[in-house]
Trainee: 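Pasting a structure here, questions to come.
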Amino acid sequence: MKDKLNLSFEVLTIIECCKENPSKKNLIAYCANITNWNDFIYNTTCHGLLPLIYLVLKDMDIPLPPNAIATLRSMYFKIAKENMHLSSELIKLSNILDKNDINYVSFKGPVLSSEAYGNITFRQYSDLDILVNKEDIYKVSSLLKDEYKRSLPLTGDKEKIWLEYAHDIGLTNKLGIHVECHWSMLDSDDPVDIKGIDFLDGRKKIQIKNNDIYAISNEKFLIYLCIHGSKHLYERVEWVLDIHKFIKTHEIDWDEIDRLLSKTNSQKFFFLGLYLAKTLFNTEISNKYFKEFDSKIFEIKNHIFAIWNKDKEFSNKNNIKYMLKLFDNKYDKLKYINKKYFKPTFSEYWYISFPRQLYFLYYPLRQYLLIKKYFFTKN
Amino acid sequence: MNLNTKITIPDTLFSQEVDDETIVLDTNTQEYFNFSSLGKVIWDMLLEEQSLQEIYEELNEFMEVDSKQIENDILDFIKSLNKKNLINIEENEG
């Protein structure tokens with residue numbers, strides 16, 4: 001069964017819990033219609049929102065099946081402990097980077113949870129993301145070498161290709177903490193072009209447990225949140241809530257947003273994020289953006305809701321039609337198709353090593369691997 | 001140890017309120033400690049840099065329990081923290 005948003009009771013429960021003032025009456029009605037609580041709890045983790053769901057259902061004293069609240073509580077404590085571990089590690093890393101004059105920002109993870117949700121435990125995250133200048137990547141890796149190793153050690157040509165096309169290196173310590181050390185927010189050949197925005201410029205200081213951490217400026221980070229969520233077609237409700245909560249808790253210079261967006265080809269990616277936040281959480285946004293919510297965005301929203309309802313599977317095959325609607329010009333659409341289906345990715349370079357003069361063979365290899373993946377691999 | 005003992009909390013601890021408990025992570029050993037009810041109240045007051053005497057006076061004002069019992073509860077809790085290396089103790093003139 002679904003409501004006027006055409007969402008299932010499971011998804012409606014999740015969304016209601018994320019609202020500023022959840023309605024007890026609605027929650028009781030939605031929860032009474034949830035048939036499989038194990039599935040529901042699993043879905044709250046998939047949407048990255050178990051902590052909030054638990055806290056709201058508990059605080060509002062919503063009648064739940066026996067064990068449901070105990071399971072949610074135990075999972076919330078596990079997440080909280082992991083988040084504390086990640087946050088304490090971020091403080092340590094920030095001190096090291098600061099002492100060594102590395103220009104860095106931390107984004108997502110503890111910074112977003114603390115800034116937008118007011119608590120490092122209210123949001124799910126599993127790693128740390130930092131952005132530095134590309135020329136500092138090896139310096140960072142060397143500064144952390146006593147504790148962190150490269151997650152994917154590469155040598156020779158593979159390392160060169162990685163540095164040319166990828167946008168981060170992974171570092172992992174012996175306790176399993178994973179740090180993604182980015183030198184840009186997207187791959188250099190990504191059809192979403194945000195190269196005109198310098199995310200390190202204008203960085204701001206925030207505090208976690210009285211420790212200074214550098215974060216991306218409000219306007220640039222809001223653009224990033226929308227682009228990141230849209231690129232993943234908001235597979236998680238959490239990514240919409242991030243946008244809502246970030247706008248709610250931060251002063252946004254909307255003229256600066258327009259100036260920055262004009263340097264990208266990603267306006268629709270940004271509008272989709274605002275539209276979903278407005279639709280689900282009634283986020284306060286400037287009226288000027290309403291005219292940007294056209295029929296294409298409505299169609300994309302319906303597709304996203306169908307995936308949340310599990311009426312459709314989240315897959316490249318199902319998503320491509322809707323992703324293409326987010327690009328305004330044909331060149332960007334072709335670039336997207338090329339990147340998605342034709343251009344060799346690191347998987348091909350990893351699969352087999354050709355000498356440089358035979359690199360053209362990676363193109364047919366990509367086709368071979370895609371056909372194998374889509375037609376000969378059982379799910 | 002008495003109510004004049006000076007207590008400080010090491011910088012290596014990461015303390016976080018989680019639901020109705022306080023969880024403390026010792027970043028040196030990666031061990032977690034959970035405090036609830038009275039332990040949570042005392043720990044949170046220590047975090048606010050209140051002295052044991054101040055904690056005692058505040059609890060004595062609000063709790064309907066014998067004063068000596070409150071003092072014993074505070075000192076027992078402090079001893080348990082000390083055993084876990086969760087505090088630094090500086091003996092005072094008292």
Side-chain angles (χ1 to χ4, degrees), chain A residues 17 50-61 69-96 109-110 113-114 117-125 128 146-147 172-177 207-213, chain B residues 5-55 58 62 73-74 76-90:
Chain A
C17 287
L50 185 135
L52 277 188
I53 310 295
Y54 161 67
L55 291 166
V56 171
L57 292 178
K58 184 206 71 164
D59 289 346
M60 298 192 82
D61 205 13
I69 207 77
T71 306
L72 284 165
R73 178 181 158 90
S74 134
M75 290 172 82
Y76 169 49
F77 270 66
K78 191 168 176 282
I79 290 165
K81 286 178 178 176
E82 282 168 8
N83 289 2
M84 288 172 65
H85 192 185
L86 285 163
S87 301
S88 68
E89 196 63 20
L90 176 61
I91 291 168
K92 207 164 85 183
L93 293 180
S94 300
N95 285 334
I96 295 173
S113 192
S114 167
Y117 291 67
N119 190 309
I120 57 148
T121 72
F122 286 180
R123 188 180 177 275
Q124 285 176 231
Y125 41 92
L128 298 172
D146 289 344
E147 288 194 42
T172 309
N173 76 2
K174 62 179 188 298
L175 295 166
I177 287 197
Q207 288 213 317
I208 294 181
K209 302 278 171 197
N210 300 322
N211 293 275
D212 287 338
I213 311 274
Chain B
T5 306
K6 199 178 170 209
I7 304 293
T8 55
I9 294 179
D11 291 341
T12 49
L13 300 185
F14 190 99
S15 183
Q16 178 68 43
E17 197 162 333
V18 180
D19 205 1
D20 48 1
E21 296 186 15
T22 292
I23 300 183
V24 176
L25 166 66
D26 183 338
T27 59
N28 285 334
T29 62
Q30 305 304 323
E31 270 184 282
Y32 294 91
F33 303 90
N34 293 43
F35 303 135
S36 55
S37 53
L38 185 62
K40 177 187 177 338
V41 174
I42 299 172
W43 179 262
D44 291 346
M45 289 164 115
L46 287 172
L47 279 180
E48 288 166 13
E49 298 182 1
Q50 295 199 46
S51 68
L52 294 186
Q53 185 63 39
E54 287 167 336
I55 294 172
E58 202 166 324
F62 295 106
D73 286 346
I74 292 172
D76 285 349
F77 181 66
I78 296 297
K79 280 176 199 158
S80 77
L81 292 178
N82 191 33
K83 259 191 195 166
K84 293 167 188 155
N85 293 319
L86 295 178
I87 48 171
N88 298 321
I89 288 184
E90 199 178 292

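Lettering follows sequence order; numbering is per chain, from 1. Scope of the values below: all heavy atoms of this structure, side chains included, with no hydrogens, waters or symmetry mates.
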Trainee: Can you confirm if the NZ or CZ of A/Lys81 lies within 45° of the ring axis of B/Tyr32 and under 6.0 Å from the centre of its six-membered ring?
Mentor: yes
Trainee: Select one option (side chain, backbone, both, neither) describing which atoms of B/Ser15 are under 4.5 Å from chain A's heavy atoms.
Mentor: backbone
Trainee: Let me confirm one number: the CG-OG1 distance from B/Leu86 to B/Thr12, rounded to the nearest 0.5 Å.
Mentor: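 The CG atom of B/Leu86 sits 9.0 Å away from the OG1 atom of B/Thr12.
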Trainee: So which of A/Arg123, A/Lys78, A/Met75 actually passes side-chain contact (heavy atoms from CB on, under 4.5 Å) with A/Leu50?
Mentor: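 Only match with A/Leu50 under side-chain contact (heavy atoms from CB on, under 4.5 Å): A/Met75.
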Trainee: Heavy-atom distance under 4.5 Å to chain A: side chain of B/Glu17, backbone, both or neither?
Mentor: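 B/Glu17 touches chain A through backbone heavy atoms alone.
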Trainee: Does any backbone or side-chain atom of B/Phe14 lie under 4.5 Å from a heavy atom of chain A? Answer side chain, backbone, both or neither.
Mentor: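 Contact with chain A: backbone and side chain both.
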Trainee: Salt bridge check: are B/Lys84 and B/Glu31 linked by an N-O gap of less than 4.0 Å?
Mentor: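 Between B/Glu31 and B/Lys84 there is no salt bridge, as every charged N stays at least 4.0 Å from the carboxylate O atoms.
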Trainee: Heavy-atom distances under 4.5 Å only: say whether A/Asp59 touches chain B with side chain, backbone, both or neither.
Mentor: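 No part of A/Asp59 comes within 4.5 Å of chain B.
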Trainee: Do NZ/NE/NH1/NH2 and the carboxylate oxygens of A/Lys58 and B/Asp20 come within less than 4.0 Å?
Mentor: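 Answer for the salt bridge query: no.
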Trainee: Look at A/Tyr76, A/Tyr54, A/Phe77 and state which one has the largest set of heavy-atom pairs under 4.5 Å with chain B.
Mentor: A/Phe77
Trainee: If I measure from the heavy atoms of chain B, does A/Lys209 come under 4.5 Å with its side chain, its backbone, both, or neither?
Mentor: side chain
Trainee: Which atoms of A/Lys92 come close to chain B, meaning under 4.5 Å heavy atom to heavy atom: side chain ones, backbone ones, both, or neither?
Mentor: neither
